[in-house]
Amino acid sequence: MRGKLYLVATPIGNLDDITLRAINILKEVDLIAAEDTRHTLKLLNHLKISKPLTSYYKQNENIKKEVLINKILEGQNVAVVTDAGTPRNF
């Protein structure tokens, strides 16, 4: 079975300005891909969520997108987040 890809909007400024749905997705996925892992780790620590985290940004997207696609094809669920706001195109 194939996994799912979730695009997750993160709060701009106040870490508590995240939706319940976004929190639940971050808790349930197998892997989180983040534009800046330092910012996302701060959010995950705030929410007490511990998940594997990988970087995914413009300069490495050609390499990382293949890795993420393979994870999804293997059945893993992946969330893509950005530093703050809605993720850009995938």
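Nothing here was measured: the structure is a model prediction, and the numbers come from that model.
- K64 pairs by the side-chain hydrogen bond (donor to acceptor under 3.5 Å, both in side chains) definition with T54, not counting sequence neighbours.
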Side-chain donor-acceptor contacts of residues 15-22 below 3.5 Å, not counting sequence neighbours, with atom names and distances?
residue	atom	partner	partner atom	Å
D16	OD1	H46	NE2	2.8
T19	OG1	A22	N	3.0

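- By the 4.5 Å heavy-atom criterion applied to side chains, V8 and V80 are not counted as neighbours.
- Sorted pairs that involve residues 66-77 and meet side chain to side chain donor-acceptor pair (under 3.5 Å), not counting sequence neighbours, are lacking altogether.
- For the pair S50 and L44, the minimum side-chain heavy-atom distance is 4.5 Å or more.
- Nearest heavy atom pair, residue A34 against residue L53, reads CB-CD1, 4.0 Å.
- No path of Ile, Leu, Val, Met, Phe, Trp and Tyr side chains, each step under 4.5 Å between heavy atoms, connects I69 with V67, placing them in separate hydrophobic clusters.
- Annotation: side chain to side chain contact (heavy atoms under 4.5 Å, CB included) contacts of K51 (sequence neighbours excluded): I32, I49.
- Hydrophobic clustering of Ile, Leu, Val, Met, Phe, Trp and Tyr side chains at less than 4.5 Å, counting indirect connections, unites L5 with L68.
- Here R38 pairs with D36 under the salt bridge (charged side-chain N to carboxylate O under 4.0 Å, His left out) rule; sequence neighbours left out.
- To the nearest 0.5 Å, the span separating OH on Y6 from CD1 on I72 amounts to 10.5 Å.
- Residues Y56 and E61 are in side-chain contact: their nearest non-hydrogen atoms beyond the backbone lie under 4.5 Å apart.
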